[in-house]
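See structure below.
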Amino acid sequence: MRFFDSNESRRKRKVGRFILVTIVCLCLICFINFIPTFNLETSNMSLLEGKWVNVYYETEKDAAEDVFQYADAETEDIAEKLGFDKKQNINIYIYDHQSTMQKKKYGYIGPLLGLDWYIGDNIGTDVILTSPANPGKVHDYDNNKYAVLHEIVHAYISVKNPNIHLWLTEGMALYLSNGEEFYKEYLEEMKIPTYEDTCTRNPIRFSNCGGYTFANTYIEYLESTYGWSKVLELIETEKYEQVFGKSSEEIYDEWVLYLNNYYQ
C-alpha cells in the first residue's frame, strides 16, 4: 500500500522548516552581534595595578593614568563604606572610543542605538569606560573621569549581591559617588517615581521616571531613619520584612512622605 502526502501535510512541513531556519538564523545573528562582549580586553591593552582597582587601557595612556590615580585613591573609602577591608577583583577597561565601549556591552548594535550619553557601565565586577581623552558628543573630560567612581560602586555592590535591583544599586552609586544635591524645586517640576518604577529592571524606564534624580534620596532616607548597617543588610538580602519589619511598599510610602516633608 502506498501513502501519499496531502497538500496540507506538505504545507505544514514547509512552514515548520521555514520557522526552524528563521530561528537558527536569528540565533546566529544574535551570536554574531554579541561577539565583542565575549572578551572585554582588546588587543595590546596595557595594565595598571592598584591597591583597590586594576585599569586596562588602549592608547590614551595619560587619560588612563589620570582615571587610575583618581579611582584607586577614592575607592578605598567607598569599599570600606560597603564593608570591604581588602581589594576585590575589580577591573576597569578604558576604551579610546565610545563606540568600542558600547559594543562591549551591547555588541555590534551598540553604537547604532543612538545613546550619545552612554559613556560607561559595569558588567558585574568589571567596569567599562570611554576614555576621557575622547569623551563623545555629550560629555567632557571630567564627566568621563568622574563617572568611573559611580561604576566602581556598582562593581563592589555586585560582589555583595550580583542580582540586586536597579533602584537600589543606582541609588547606592549615586549616593556614594556623584549624586547631585536634591532641591525642593524638583518636587514641583518632576513627578516622584511610582512604586512600580522603583521595581523596574529596565534602565530606560529608570532614567525616564527620574531615577537618577530621586534614587539617591531613597538611600539617604534609609540611612537617616534606620542606620547604615540596615542599608548594607538590605543591599545584601533585599528582604525588607527581615531588615525593617516592613514591606517594600511600606518603605516606599515612608520615603515619599520623607521627600514631601523634608524638602519643603
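Positions are given from 1, in the same order as the sequence printed here.
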Could you check if a side-chain atom of [X] sits within less than 4.5 angstrom of a side-chain atom of [Y], using non-hydrogen atoms only?
X	Y	answer
Val55	Leu47	no
Asn91	Val127	no
Asn54	Ile90	no
His154	Glu170	yes
Leu82	Lys160	yes

Does a side chain donor of either Asn134 or Ser131 reach within less than 3.5 Å of an acceptor in the other side chain?
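No pair is found: no donor N or O on one side chain lies under 3.5 Å from an acceptor on the other.
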
Is the cationic atom of Lys104 (NZ for Lys, CZ for Arg) positioned less than 6.0 Å from the six-membered ring centroid of Phe38 and within 45 degrees of its normal?
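No, cation not above the ring by the 6.0 Å, 45° rule.
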
Is any side-chain N of the basic residue among Lys81 and Glu74 closer than 4.0 Å to the acidic one's carboxylate O?
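Result for this pair is no, no salt bridge flagged.
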
Should Lys51 and Asp72 count as an ion pair when the cut-off is N to O under 4.0 Å?
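No, Lys51 and Asp72 are not salt-bridged.
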
Under 30°, 30 to 60°, or over 60°: which ring-plane class applies to Phe84 and Tyr156, parallel, tilted or perpendicular?
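The rings of Phe84 and Tyr156 stand perpendicular, inter-plane angle above 60°.
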
Flag yes if more than 12 heavy atoms outside Asp142 fall under 6.0 Å of its CG atom; otherwise flag no.
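Yes, because the 6.0 Å sphere around CG of Asp142 holds more than 12 heavy atoms from other groups.
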
Applying the ring-ring contact (aromatic ring centres under 6.0 Å, His included) criterion to Trp167, which one of Tyr175, Trp255, Tyr252 satisfies it?
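Filter result, single survivor: Trp255.
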
Set out, in order, the CA-CA distance, both residues' side-chain angles and the distance that settles side-chain contact (heavy atoms from CB on, under 4.5 Å) for Glu238 and Leu168, then state yes or no.
CA-CA 9 Å; Glu238 296 190 71; Leu168 291 177; 3.8 Å; yes

Please evaluate residues Tyr212 and Phe206 with respect to the criterion ring pair (Phe, Tyr, Trp, His ring centres under 6.0 Å), reporting the C-alpha separation (whole Å), side-chain torsions for both, the decisive distance (0.1 Å), and the verdict.
CA-CA 8 Å; Tyr212 287 107; Phe206 175 87; 4.9 Å; yes

side-chain hydrogen bond (donor to acceptor under 3.5 Å, both in side chains) with Glu254: which residues, sequence neighbours excluded?
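Listed in chain order: Tyr221, Tyr226, Lys246.
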
